[in-house]
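What follows is a short report on a single structure.
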Amino acid sequence: CGFTALARQLAPLEVVALINELFGRFDALADKYGVYKVETVGDAYIAAQAEPHLTEQHSALTVLLFGLDMVAACNDWTGNGGTQLNLRVGIHSGACVGGIVGRAMQRYHLFGDLMSVVEVIES
């Protein structure tokens, strides 16, 4: 089942609890793999890994493993009594810049062609 279809069947607080549970698992994986959680938009979890020099700890492989573990975490959640939920993971690499934007509720945001592709992958 897709998230939008599932969310239609749940009360708003149940949707928040579901997202919190899954995204909490994803946050733990982000810490494990050294991936930065950029933002969440609705049911999208957007993460990045930026490192000027590729190393064994900071590489495309670690991002791939992060994505695979996200799928495993979702399947584990489903297996523990959660509703069957489909998860898509998209991976892309490219240049971007980051900076803090805004005066009220400042946040770190990434910009560039990479983020444009991420938006297409997400949709």
Only distances under 3.5 Å count here; give the side-chain donor-acceptor pairs of residues 94-104 to other protein atoms, sequence neighbours excluded, each with its distance to 0.1 Å.
none

How far apart are the closest heavy atoms of [X] and [Y], and which atoms are they?
X: Ala30; Y: Phe66; value: N-CE1, 3.4 Å
X: Met70; Y: Leu87; value: O-CD2, 3.4 Å
X: Leu18; Y: Leu10; value: CD1-CD1, 4.1 Å
X: Tyr33; Y: Thr62; value: CD2-O, 3.8 Å

Group every Ile, Leu, Val, Met, Phe, Trp and Tyr by side-chain heavy-atom contacts under 4.5 Å, then state whether Phe26 and Val71 land in the same group.
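Yes, same cluster.
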How far does [atom1] of [X] sit from [atom2] of [Y], to the nearest 0.5 angstrom?
X: Leu29; Y: Leu68; atom1: CG; atom2: CG; value: 11.0 Å
X: Gln9; Y: Leu6; atom1: CD; atom2: CG; value: 6.0 Å
X: Leu22; Y: Asp27; atom1: CG; atom2: CG; value: 11.0 Å
X: Trp77; Y: Glu21; atom1: CH2; atom2: CD; value: 8.0 Å

